[in-house]
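Single-structure report; data block below.
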Amino acid sequence: MPPHAATTYQSTASPPVAVQTPPPPPPGPPIQPLRTAAPAPVVPVPDLMDAEDDLLAAQEDSAAAAPARPMNPELLRLHESVRQKILAELQSFSSTVNEDAERLRATQTSLLQGEPAIRDEMARLGAVRDVCKSVGDRMRATVQAGEANVQDLKRKGDPEVDELVCSTTIVYNQLINLVAEDNAIEDTIYHLHRALNSGRIDLDRFIRTTRVLAEEQFMKRALVQKITSGIPMGAAMNW
């Protein structure tokens with residue numbers, strides 16, 4: 001059914017009821033189309049080369065138009081003194097740097113030349129260390145052996161005199177005993193003579209004792225002479 005129909009009826013058991021529809025809205029103003037912004041004007045990019053040429057041309061025109069103003073003489077003198085001072089300091093610094101470089105170069109040469117000598121000295125000291133170590137080991141072993149022998153002798157005790165004074169053969173041992181007895185008789189006669197002089201013994205007793213000791217000493221010396229006559233010339237001893 002079209003929307004502008006005014007009234008519609010429905011056939012039902014009840015009496016017909018009229019239904020009203022709202023009127024259409026009034027027509028509005030016409031819709032205007034959207035307007036786009038106008039494009040900005042294009043600014044040309046300045047040419048730097050042309051600008052520099054223009055600047056130089058302007059400077060040349062200004063220089064040609066008016067002469068440059070001369071500098072202050074006092075300022076020129078100050079600039080010259082500063083330049084001379086800087087040159088003097090530069091020369092002094094350059095000479096100092098050259099001297100330091102020469103000294104460092106000489107030190108470097110000495111160090112490079114001293115490296116082989118240091119290595120040779122290190123090798124020599126290493127050899128000396130090895131020799132000292134070997135000698136120390138031998139000395140330590142010798143000291144330990146000596147200490148062991150001393151402990152053994154202490155454990156055994158003091159030896160007898162006859163064990164200390166002995167020879168390689170029986171004949172030589174007999175010769176040692178005869179010489180010892182001869183010396184003992186000599187000492188006995190000496191002390192008897194002193195006793196006679198002091199009056200401790202009388203003359204008869206001294207004569208009898210001395211005669212017996214003299215006979216015994218004579219026999220012992222004769223036996224010593226016989227033994228020494230059989231000893232080779234190189235091993236003979238003067239008694």
Side-chain angles (χ1 to χ4, degrees), residues 32-159 161 163-168 233-235 237-238:
Q32 299 294 332
L34 297 176
R35 296 181 180 180
T36 58
V42 179
V43 179
V45 179
D47 190 356
L48 298 179
M49 298 298 294
D50 295 340
E52 186 177 358
D53 294 338
D54 296 340
L55 180 61
L56 291 176
Q59 291 179 355
E60 289 177 357
D61 294 340
S62 62
R69 182 179 179 181
M71 296 185 66
N72 190 358
E74 189 68 22
L75 184 60
L76 291 176
R77 187 182 63 79
L78 182 60
H79 287 178
E80 184 64 21
S81 63
V82 170
R83 189 178 71 85
Q84 294 296 332
K85 182 66 175 178
I86 293 175
L87 288 177
E89 292 294 334
L90 182 60
Q91 291 178 357
S92 176
F93 179 73
S94 177
S95 62
T96 303
V97 169
N98 291 331
E99 291 177 358
D100 292 341
E102 291 295 332
R103 185 173 64 255
L104 292 176
R105 195 175 294 110
T107 304
Q108 182 183 9
T109 303
S110 300
L111 291 176
L112 292 177
Q113 293 177 355
E115 182 179 0
I118 292 174
R119 293 185 181 277
D120 183 58
E121 187 68 18
M122 289 176 63
R124 188 181 66 82
L125 292 177
V128 173
R129 179 192 59 190
D130 296 337
V131 172
C132 292
K133 185 177 180 181
S134 61
V135 172
D137 294 338
R138 290 198 301 269
M139 184 65 66
R140 190 178 299 107
T142 303
V143 171
Q144 291 177 356
E147 291 178 352
N149 293 332
V150 170
Q151 295 296 330
D152 190 16
L153 292 175
K154 288 181 178 180
R155 185 175 60 254
K156 290 181 179 179
D158 296 335
V161 178
E163 295 180 0
L164 295 177
V165 182
C166 60
S167 183
T168 57
M233 186 63 65
M237 300 172 61
N238 293 325

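We use all heavy atoms of the structure for the numbers below, so side chains are in, but hydrogens, waters and symmetry mates are not.
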With rounding to the nearest 0.5 angstrom, report the NZ to CG distance, Lys154 to Asp152. 12.0 Å
Listed pairs under 3.5 Å, donor-acceptor, residues 127-138 side chains, sequence neighbours left out:
unit_1	atom_1	unit_2	atom_2	d
Ser134	OG	Asp130	O	3.4
Ser134	OG	Val131	O	2.7
Asp137	OD1	Arg140	NH1	2.9

So CD1 of Ile86 and CG of Leu90: to nearest 0.5 Å the spacing works out to 9.0 Å
With the threshold set at 4.0 Å, does a side-chain nitrogen-carboxylate oxygen contact exist between Arg77 and Glu80? no
Here the gap from Ser81 atom OG to Leu76 atom CG, rounded to the nearest 0.5 Å, amounts to 11.0 Å
Set of side-chain contact (heavy atoms from CB on, under 4.5 Å) partners for Asp100, sequence neighbours left out: Thr96, Arg103
Any donor-acceptor pair under 3.5 Å linking the side chain of Asp120 with the backbone of Pro116? no
Which is it for Leu112 and Gln108 under the side chain to side chain contact (heavy atoms under 4.5 Å, CB included) test, yes or no, and what are the steps along the way? CA-CA 6 Å; Leu112 292 177; Gln108 182 183 9; 4.1 Å; yes
Got a sec, which residues hit salt bridge (Lys or Arg N to Asp or Glu O under 4.0 Å) with Glu99, two or more places apart in sequence or on another chain? none
Just how far is it from atom CE of Met139 to atom CD of Gln144, taken to the nearest 0.5 Å? 12.5 Å
